Amino acid sequence: MKKLIAFVALAGVAGFAAAAEGNAKAAENKVAMCIGCHGIPGYKATFPEVYQVPKLGGQSAKYIENALQAYKKGERKHPSMRGIAAGLSDQDISDVAAYYAQQK
């Protein structure tokens with residue numbers, strides 16, 4: 001019985017970990033809002049101040065995920081990014097991160 005409980009618990013953890021992985025293909029319909037700024041080489045945004053918009057393609061998926069989660073939680077303060085991240089689920093964030101990480 002203990003083995004069965006341990007197996008079920010382990011299967012649940014494995015299932016949770018798999019669900020958190022990003023799917024680059026699924027993100028193809030989720031990145032439209034990103035391309036307007038992050039898809040233009042050398043783009044500078046003017047709100048709330050003038051700054052160089054970072055290139056996302058080729059960045060580490062973990063970095064992108066952490067950044068989006070920080071915007072979502074309010075730990076990073078850019079108002080546009082905070083609004084965008086607030087509308088993303090954890091799976092959306094993982095998918096978008098996987099999408100940009102696989103680019104070169």
Side-chain angles (χ1 to χ4, degrees):
M1 185 62 151
K2 288 182 183 180
K3 287 182 182 180
L4 178 61
I5 293 171
F7 176 75
V8 170
L10 183 60
V13 170
F16 176 76
E21 281 188 33
N23 180 339
K25 185 79 173 153
E28 290 177 1
N29 296 323
K30 299 175 185 178
V31 296
M33 64 193 142
C34 309
I35 294 169
C37 295
H38 295 283
I40 303 170
Y43 182 70
K44 292 182 181 176
T46 59
F47 180 79
E49 61 202 38
V50 177
Y51 68 96
Q52 186 77 28
V53 175
K55 178 184 171 205
L56 295 181
Q59 289 280 2
S60 156
K62 193 64 179 163
Y63 171 79
I64 295 170
E65 245 182 282
N66 288 341
L68 287 171
Q69 289 291 354
Y71 283 120
K72 187 174 182 175
K73 294 174 188 170
E75 295 167 358
R76 285 191 175 196
K77 304 296 182 193
H78 191 277
S80 298
M81 285 301 305
R82 183 152 191 222
I84 290 169
L88 298 174
S89 70
D90 290 345
Q91 187 63 55
D92 291 338
I93 288 173
S94 294
D95 294 345
V96 168
Y99 176 86
Y100 280 108
Q102 55 93 33
Q103 293 182 344
K104 298 296 174 203

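Note that the structure is a prediction, hence the values are computed from the model and not measured. Sequential numbering from 1 along the given sequence is applied to the chain's residues.
In this structure, the side-chain contact (heavy atoms from CB on, under 4.5 Å) partners of Asn23, at least two apart in sequence or on a different chain, are Lys25, Ala26, Asp95.
In this structure, the side chain of Gln102 does not engage the main chain of Gly57 through any donor-acceptor pair within 3.5 Å.
Minimum heavy-atom separation, Gln52 to Lys44: OE1-CE, 3.3 Å. Ala97 and Ala61 get closest at one heavy-atom pair: CB-O, 3.3 Å. Arg82 approaches Arg76 most closely through the heavy-atom pair CD-O, 4.4 Å. Pairing each heavy atom of Ala27 with each of Tyr99, the nearest pair is CB-CB, 3.6 Å.
No continuous path of ILVMFWY side-chain contacts below 4.5 Å connects Ile40 to Met81, so the two sit in separate hydrophobic clusters.
Across Asp92, Leu56, Val96, a single residue satisfies side chain to side chain contact (heavy atoms under 4.5 Å, CB included) together with Val31, and that is Val96.
Taking the side chain as every heavy atom from C-beta outward, Leu68 and Lys72 never approach each other to under 4.5 Å. Side-chain contact between Glu65 and Asp90 is absent, with no heavy-atom pair separated by less than 4.5 Å. By the 4.5 Å heavy-atom criterion applied to side chains, Leu88 and Met33 are counted as neighbours. Between Pro41 and Lys55, every side-chain heavy-atom pair lies at or beyond the 4.5 Å cut-off.
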Q. Can you check side chain to side chain contact (heavy atoms under 4.5 Å, CB included) on Ile93 and Gln69, steps first, answer last?
A. CA-CA 8 Å; Ile93 288 173; Gln69 289 291 354; 3.6 Å; yes

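Sorted by first and then second residue, the ring pair (Phe, Tyr, Trp, His ring centres under 6.0 Å) pairs with a member in residues 69-92 read Tyr51-His78; sequence neighbours excluded.
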